[in-house]
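Both counts, for ligands and for their atoms, begin at 1 and track the order of listing.
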Amino acid sequence: MAQQVTKAVIPAAGLGTRFLPATKAMPKEMLPVVDKPAIQYVVEEAVDAGLHDVLMVTGRNKNALENHFDRATELEASLAKKGDTDRLEKVNYSTDLADMHYVRQGDPKGLGHAVLRARMHVGDQPFAVLLGDDIIDARDPLLSRMLEVQAQRNATVVALLEVDPDSIHLYGAAAVESTDEEDVVRITGLVEKPDRESAPSNLAIIGRYVLRPEVFDVLERTEPGKGGEIQLTDALQTLAADEELAGGVYGVVFRGRRYDTGDRLDYIKAIVQLAVDRADLGPDLRPWLREFASGLEDTPAAHEIVEEMTATPSDSLAAGEN
Ligand code: G1P
């Protein structure tokens with residue numbers, strides 16, 4: 001019988017170098033996606049799946065994360081005085097959202113190392129790990145399905161997404177076998193960030209995991225892998241290779257909406273995608289976007305792109321693009 005999962009671990013110690021200088025003095029997890037910091041979507045997702053106990057693995061420069069989920073007495077008093085109950089509610093909502101805990105990673109030795117830092121807090125129970133760069137649309141619940149599969153199979157469960165084979169080098173990739181459930185696969189092997197040619201499939205691990213506590217012992221023994229870091233994927237590969245250890249590894253294949261906020265272009269796309277669906281912003285944003293997009297055809301930037309696309313090979317060589 002699988003123990004019920006009650007705890008979520010959110011690694012949030014990354015430096016956010018892709019967003020410099022915005023992240024020079026501010027954690028990347030605090031970047032707003034529409035009007036909420038990216039990290040709040042992730043905590044809300046954990047809570048929606050019934051996980052109210054949230055441990056964040058942070059680092060230096062991350063105090064804003066703790067402040068965001070804590071009382072802001074002066075701000076609350078000022079909003080209350082003005083009778084601005086709507087905004088006061090928003091402020092209080094993030095304070096009361098979850099039972100928040102924090103531990104620092106110390107040395108940045110990789111995702112596997114960050115998860116290992118959760119050991120004391122998690123103890124001897126299965127737990128979820130949610131990575132902050134991925135936002136899963138609240139209308140397409142993924143984590144609750146993963147928890148269901150974990151409870152049925154008492155195994156390790158990861159979220160998988162079919163990606164363009166050209167992008168598989170950005171993810172952990174899985175070799176899989178089908179099961180009797182359409183959205184569940186058994187994972188027979190995992191490789192961290194393989195090149196396209198050596199990838200076992202185009203099924204990528206997206207940042208959601210439900211792990212059994214045995215993973216901690218495995219992580220302790222896991223040598224640094226890709227990029228010289230202790231990789232969670234490598235520990236999961238050990239668990240996939242030996243079913244006796246902790247019941248094997250399964251994947252839930254996700255087909256819903258997922259937004260990547262990990263790099264600048266995807267971050268911009270995520271904001272637009274989420275904002276057009278919002279009742280308070282969508283009705284004004286949609287027609288504006290249409291007009292803006294149609295106007296793009298006439299801008300100089302678009303002409304440059306067209307010229308580049310229609311350039312002859314000798315043109316591009318001359319331009320030094322090869
Ligand atoms: C991490 C994991 C990788 C996973 C990815 C999902 O990589 O190591 O296996 O596919 O998250 O977002 P990162 O993106 O932190 O480099």
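- If you look at D260 next to ligand 1, there are no close heavy atoms at all, none under 4.0 Å.
- A 4.5 Å side-chain heavy-atom check between I206 and I136 finds at least one atom pair inside the cut-off.
- Side-chain N or O atoms of K7 include none that pairs as donor or acceptor with a backbone N or O of Q125 at under 3.5 Å.
- Not close to ligand 1: D133, with no non-hydrogen atom less than 4.0 angstrom away.
- Listed for the D137 side chain is a donor-acceptor partner under 3.5 Å among the backbone atoms of R139.
- In this structure, a donor-acceptor pair under 3.5 Å is present between the side chains of R71 and N92.
- If you run side-chain contact (heavy atoms from CB on, under 4.5 Å) between Y209 and each of V157, L236, T156, only L236 comes through.
- The ligand atoms of ligand 1 that sit less than 4.0 angstrom from a heavy atom of Q231 are 8 (O).
- With a 4.0 Å cut-off on non-hydrogen atoms, D134 touches ligand 1 through its side chain and not its backbone.
- There is a protein heavy atom closer than 4.0 angstrom to atom 16 (O) of ligand 1.
- We find that R153 and E181 are joined by a salt bridge, their nearest charged nitrogen and carboxylate oxygen being less than 4.0 Å apart.
- Judged by the 6.0 Å distance and 45° axis criteria, K36 is positioned over the aromatic ring of Y41.
- Among protein heavy atoms, the minimum distance from atom 11 (O) of ligand 1 is reached at L131 CD1, 3.3 Å.
- Nearest to atom 8 (O) of ligand 1 among the protein's heavy atoms is E192 OE2, 2.7 Å.
- Of all the listed residues (I205, L170, T233, D234), I205 holds the heavy atom that lies closest to atom 6 (C) of ligand 1.
- Residue contact check for ligand 1: K193 places a non-hydrogen atom closer than 4.0 Å to it.
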